Engineer: 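Next up is a structure, given as structure tokens.
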There are 2 protein chains.
Amino acid sequence: MSRSGHAASVKDVAAAAGVSLGTVSNVLNRPERVSTSTRERVEQAMAELGFVRNETARQLRAGSSRTLAYVMLDAGNPFFTDVAHGMEDAAEDADLSLFLCNSNHLPEREAAYLGRLEQQRVQGVLITPIDPEHPLLEELPARGTPVVVVDRTRDVETHCSVAVDDVHGGRIAAEHLLELGHERIAFVGGPEAIGQVRDRLAGARLAVEAAGLPPSALHVLTTDALTVPQGRDAGARLLARPARERPTAAMCVNDVLALGLLQRCVGLGLDVPDDLAIVGYDDIDFASAATVPLTSVRQPRHLIGSKAAELVIDEAGDPGHHHEQVLFTPDLVVRASTRRPA
Amino acid sequence: MSRSGHAASVKDVAAAAGVSLGTVSNVLNRPERVSTSTRERVEQAMAELGFVRNETARQLRAGSSRTLAYVMLDAGNPFFTDVAHGMEDAAEDADLSLFLCNSNHLPEREAAYLGRLEQQRVQGVLITPIDPEHPLLEELPARGTPVVVVDRTRDVETHCSVAVDDVHGGRIAAEHLLELGHERIAFVGGPEAIGQVRDRLAGARLAVEAAGLPPSALHVLTTDALTVPQGRDAGARLLARPARERPTAAMCVNDVLALGLLQRCVGLGLDVPDDLAIVGYDDIDFASAATVPLTSVRQPRHLIGSKAAELVIDEAGDPGHHHEQVLFTPDLVVRASTRRPA
DNA sequence: CCTCCGGATTGAAACGTTACAACAACAGAG
DNA sequence: CTCTGTTGTTGTAACGTTTCAATCCGGAGG
């Protein structure tokens, strides 16, 4: 392969092989139409020149690209990387590439990525948006770029979405604690602006009500974010209460939060699960790797991703596509962090 | 914005605004050359038609794209996402987009991504390769696509690399334990095929030697991978030894491994750090969030990423670029998981 | 010997953008 | 009035690929 001047083009290959540029293209795209001898000659020329097809030009001519993109909310959260994993597998099956973009909770960055992706004419965009109401989420599909919303919902006609039933998830987490006999349960999470926080809380309330307990059985401990430090802080606030009226169990909106809570509580001398039972949410790998393995609500992460990718691929390819709102049901994984109250 | 037919092009905008297509291009690229009134007319037409610049065509004409890509080894490992973070920031400063690709330890997927990225003519590729000796890593730069190797090294003339001094990291981890007075230290990690495992072990051996202890003071516990389950397994093997000859401290190649080890040891009734001190490596967020916060070797993750991105940007832009092998020095973060032996 | 056929190959047009030389319009200087 | 700028606008030629109608050629059928 030569490094001379600029990258070799079909024209250069054609010249080197002594054929027309149309023939080179045929070798690339419809090899069966080319005689064996010329094909070999062309292939050799390509190898010698180190020819690399210019996807940009192909795409311009063809109008379509071979890539999907997932704009993720937080690449540092294992939940989202597992979702991305599912997408990758589906993309690979369809012979597409998946590019990951990390908005990292920054609205400007999210908008910038969406803009670039639309300009690049990607086949479709998967996104876990910072704000599901953002107008761009309607504009892209209106202009022809399919968008699938992942792990959020919005009942709107412009796109498909794949999410998980958070009310149900909150409910089964609370039910589990109630069945164990806990009657004072802390709900840890926030801010309430986040849809999942609201939904999971609503589910927990349903469970409390169904168990015939008063709403006050649920002690809401609001946090500023779903992070480890906020979990630690919630732990400190919990411990500040007199033991008599302190909840005997806590359910967290997030495993990450639960890990912070667990750390602080154990650090301050509480026994988990005997003094305080803890339920997390998401079932990230680190939840089962905690010193006291966490009971957690598991979401079908891989499936969320692969289903979302399938939807966006379908929308891009099938003119008769009709939008779909998929809702998966989470389940509970019981581990050592929950037990009957002492 | 109209959704009629196909996406609006500069030509459509020009027609709608009653100007030539060159003028539209000027509005886009050199607005100062256009009179205010025509500019406004063109801008209005663009808004009405929902014009989105076709980056593909721009790029074909310009020859250069506005994107970088990072082919990461394992998007589920927080270390790499933090590195990616640093790259994002540097890319944003240079007004480039960063696409993340997850090879996920699969050689075919890594090769597929490299191929597509080269075809897309990205400005540059950042990669933490599965195998630093892979021939593609030389071919891309030879054909004109800059490649920077991240968190691996290879003394070769074809590319820059950014890595961390693993021998030094292994050394300071071991020194810390030795200074605390530990004389039987387990080294947990593997397989040895991984360069970092070899280097960190070498560093640990240097420290032991410098402390005047025999090489046998270091008990090597080889694992099959750097994962939580492997850490648990190592813990079980450690505990199987009679207490008298059991190491009083362990240093792990990885925090993830260390978390598994911690979990199993505590689960089997050992006190950490009193019965067993543990040092991790990478200082991932979950290391400080563990029930017993982990002492760990910290690498400048963000800096690794931003430096790597700067190098690749420089190589892409500056014809006089000369390759550079950057080596950062890690440091130790002491937390509750290490203490003087009982 | 002419015609026709089918496979192999070619040449030109098109995709949407940008750059650039050329041009128009008009003002002010001489 | 002409000349010289200046300012704004236009038309056209690329960029590298794919597609498709047109052509070429050798051989089979009449």
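To find a chain, count down the sequence lines: A is the first, B the second, and so on, and within it residues start at 1. Everything numeric in this text was worked out from a predicted model, so none of it was measured. Just so you know, these numbers use all the heavy atoms, side chains as well, and skip hydrogens, waters and symmetry mates.
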Engineer: Using whole Å, what does the distance between atom P of nucleotide D:dC15 and atom CD of B:Q119 come to?
Structural biologist: 20 Å
Engineer: As an exercise, state the distance from CG of B:L100 to CG of A:L100, rounded to the nearest 0.5 Å.
Structural biologist: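 Result: 5.5 Å between the selected atoms.
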Engineer: Just so I know, are the side chains of B:M87 and B:V83 near enough to count as touching, which here means a heavy-atom distance under 4.5 Å?
Structural biologist: yes
Engineer: When the distance from CZ of A:R58 to P of D:dT17 is rounded to whole Å, what number comes out?
Structural biologist: 12 Å
Engineer: Figure out the CG/P separation between A:N29 and D:dT17, and round it to whole Å.
Structural biologist: 11 Å
Engineer: Going through the distances and angles, do B:L137 and B:T158 end up as a side-chain contact (heavy atoms from CB on, under 4.5 Å)?
Structural biologist: CA-CA 8 Å; B:L137 299 184; B:T158 47; over 6 Å; no
Engineer: Rounded off to whole Å, could you give me the CZ-to-P distance for the B:R39 and D:dT7 pair?
Structural biologist: 15 Å
Engineer: So, for A:T81 and B:A75, which heavy atoms are closest and what is the spacing to 0.1 Å?
Structural biologist: CG2-O, 3.3 Å
Engineer: On DNA chain D, check which nucleotide each of B:S37 and B:A62 is closest to and give me the residue with the more 5' one.
Structural biologist: B:S37
Engineer: Is any side-chain N or O of A:R30 closer than 4.0 Å to OP1 or OP2 of D:dT18?
Structural biologist: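 A:R30 to D:dT18 OP1/OP2: no side-chain N or O under 4.0 Å.
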Engineer: Output the rounded distance in Å from CG (B:L21) to C1' (D:dT10).
Structural biologist: 10 Å
Engineer: Give a yes/no answer on whether the side chain of A:R53 brings an N or O atom under 4.0 Å of OP1 or OP2 in D:dT18.
Structural biologist: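 It does, given that an N or O in the side chain of A:R53 lies less than 4.0 Å from OP1 or OP2 of D:dT18.
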Engineer: Name the residue closer to the 5' end of DNA chain D, choosing between B:V19 and B:A57 according to the nucleotide with the nearest heavy atom.
Structural biologist: B:V19
Engineer: Hey, is the side chain of A:S25 poking within less than 4.0 Å of OP1 or OP2 on D:dT18, counting only N and O atoms?
Structural biologist: yes
Engineer: In this structure, how many angstroms lie between the P atom of D:dG11 and the CG atom of B:N26, rounded?
Structural biologist: 13 Å
Engineer: Quick one: A:R33 CZ to D:dC20 C1', roughly how many Å, whole number?
Structural biologist: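 Rounded to the whole Å, the gap is 10 Å.
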Engineer: Can you tell me which nucleotide in D:dT9, D:dT17, D:dC20 comes closest to the side chain of B:T38?
Structural biologist: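 From the listed options, D:dT9 comes nearest.
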Engineer: So, A:R116 versus B:S97: side-chain donor-acceptor pair below 3.5 Å or not?
Structural biologist: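 Yes, because at least one side-chain N or O of A:R116 sits under 3.5 Å from a partner of the opposite role on B:S97.
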Engineer: Under 4.0 Å: is that the gap between some side-chain N or O of B:S35 and OP1 or OP2 of D:dT9?
Structural biologist: yes
Engineer: Earliest and latest nucleotide of DNA chain C, 5' to 3', sitting under 4.0 Å from a non-hydrogen atom of chain B?
Structural biologist: C:dG16 to C:dA19
Engineer: Is atom CD of A:E157 surrounded by more than 12 heavy atoms (other residues, nucleotides or ligands) closer than 6.0 Å?
Structural biologist: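 Atom CD in A:E157 is not crowded, with 12 or fewer foreign heavy atoms closer than 6.0 Å.
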Engineer: Between B:E32 (CD) and D:dG8 (P), how many Å, whole number?
Structural biologist: 10 Å
Engineer: For the residue pair B:D95 and B:R66, establish whether any side-chain heavy-atom pair is separated by less than 4.5 Å.
Structural biologist: yes
